Protein chains: 2
Amino acid sequence: MAAKRRQTAQQEHAADVATYVAAGGEESVQRVITAVFSVTKKLDQWYVRQFADLDLTQGEWSVLASLARAGDTCLTPSQLADLSNVAPSSMTHRLDKMAGRGLLQRRPDESNRTRTLVSLTKDGWALFSAAVRESNVVESDTLRGLSDSERHELARLLEIVIAGLDDIDA
Amino acid sequence: MAAKRRQTAQQEHAADVATYVAAGGEESVQRVITAVFSVTKKLDQWYVRQFADLDLTQGEWSVLASLARAGDTCLTPSQLADLSNVAPSSMTHRLDKMAGRGLLQRRPDESNRTRTLVSLTKDGWALFSAAVRESNVVESDTLRGLSDSERHELARLLEIVIAGLDDIDA
DNA sequence: AAGTCGAACTTCGATGACGAAATATTCGAT
DNA sequence: ATCGAATATTTCGTCATCGAAGTTCGACTT
């Protein structure tokens with residue numbers, strides 16, 4: 001498969017950027033954004049295959065990871081929908097399924113009974129941990145061309161970008 | 001909305017990385033990968049809103065962009081399905097809709113009649129160009145915290161990653 | 001030259017996701 | 001205190017997506 005490709009990944013990337021620039025994009029922007037999406041697209045493909053072993057879809061992974069990152073704090077279905085970029089109505093059924101598998105539990109919020117609080121069960125945490133360790137394999141492979149200092153620099157630059165993200169919505 | 005957040009985006013990011021590391025991920029890996037996904041998640045949200053103006057879903061955008069990047073070369077439905085990370089059967093209906101809107105055309109491949117060749121129409125190219133110019137706005141905003149040399153360095157590092165992606169599938 | 005295997009595309013049934021409406025609860029104003 | 005607006009969640013109808021089976025065609029074998 002890799003042997004039959006005519007151009008290198010860099011050449012393809014450069015050609016893609018040129019297409020976007022020709023259509024009206026700025027070069028310094030498109031070069032970065034296109035590269036970011038190339039990486040995530042490839043990672044997404046691998047996640048689908050890796051998570052299939054754990055009977056986990058990407059949507060379920062998103063819920064699992066959101067709850068894990070929240071730590072002790074419970075999250076509501078609405079918050080999970082926001083964090084997962086799906087409609088609240090879609091989250092209902094997703095949580096039904098995951099609760100049925102024993103990955104999470106829902107309980108009413110006593111202080112505000114319109115809310116429902118969702119938290120991971122022990123099994124949910126175990127699955128999260130297993131998924132992180134599985135995905136870390138391909139993620140580590142993805143970055144194997146970078147030295148430690150380069151990874152540090154890459155993270156630093158991306159974190160600058162992240163720091164500005166929330167202010168743009170206005 | 002931005003005013004009511006307790007922690008900065010960097011602090012949240014650091015906490016997320018810590019969660020993944022606690023679950024068994026490597027820090028130098030998780031710091032980069034988590035940051036990449038933070039950026040793409042935010043960009044995806046904006047794309048949905050921006051492309052709604054053009055009556056364009058993300059799936060349709062993927063087809064449009066794949067064909068545009070291919071330039072003069074026609075692509076088959078299977079290739080488009082691969083490039084868009086969807087099942088071939090899903091591409092059939094998607095192409096039906098887009099052909100109905102006059103964005104692309106399908107014609108049989110004379111040299112191999114099991115194949116169908118898909119190409120953009122004039123309207124398809126126009127919509128692609130409009131979408132690129134629209135999305136460049138938010139993409140440019142996203143990178144506004146980086147200097148030119150930092151953008152260059154960020155692109156360089158990401159391109160190193162891209163160069164190694166194709167060799168991992170083995 | 002016929003037959004078989006494989007590739008490409010489409011149809012079909014079932015699942016997942018969305019938006020709108022319905023339900024239930026809280027908050028604020030009169 | 002009560003009425004009205006806002007919030008959170010769930011149902012419901014519709015459309016997109018998936019995997020599997022079906023169909024058509026090309027390539028390779030014998």
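Chain naming here is simple, since letters A, B, ... match the order of the sequence lines and numbering starts at 1 in each. Note that the coordinates shown come from a computational prediction; the quantities given were computed from them, not determined experimentally. Hydrogens, waters and symmetry mates play no part in the numbers below; they use all other heavy atoms, side chains included.
- Contact check, B:R106 against C:dT10: a side-chain N or O comes under 4.0 Å of OP1 or OP2.
- Within residues 68-77 of chain B, the residues that have a heavy atom under 4.0 Å from DNA chain C are, in order of number, B:T76, B:P77.
- Distance CG (B:D109) to P (D:dA27): 11 Å, rounded to an integer number of Å.
- Here D:dG26 is the nucleotide among C:dT26, D:dG26, D:dT10 with the atom lying nearest to any side-chain atom of B:N112.
- Between B:Y47 and B:F51, the ring planes lie parallel to each other; the angle is under 30°, not in the 30° to 60° tilted range.
- Comparing C:dA17, C:dG16, C:dT10 against the side chain of A:K97 picks out C:dG16 as the nearest.
- Picking from C:dT10, D:dG19, C:dA8 the nucleotide with the shortest atom distance to the side chain of B:T114 gives C:dA8.
- Rounding to whole angstrom units, CE of residue B:M91 and P of D:dC18 are separated by 9 Å.
- Counting non-hydrogen atoms under 4.0 angstrom, B:S89 reaches a base of the nucleic acid.
- If you take CE of B:M98 and P of D:dA16, they are 13 Å apart, rounded to a whole angstrom.
- Taking only side-chain atoms of A:S90, from C-beta outward, the nucleotide of C:dT11, D:dA16, C:dC18 with the closest atom is C:dC18.
- Ranking D:dC18, C:dT26, C:dC18 by closeness to the B:A87 side chain, first place goes to D:dC18.
- Within the 4.0 Å cut-off from OP1 or OP2 of C:dA17, at least one side-chain nitrogen or oxygen of A:R94 is found.
- Within the structure, every side-chain polar atom (N or O) of B:R115 is placed at least 4.0 Å from both OP1 and OP2 of C:dA7.
- Taking atom NE2 of residue A:H93 and atom P of nucleotide D:dG13, one finds them 16 Å apart after rounding to whole Å.
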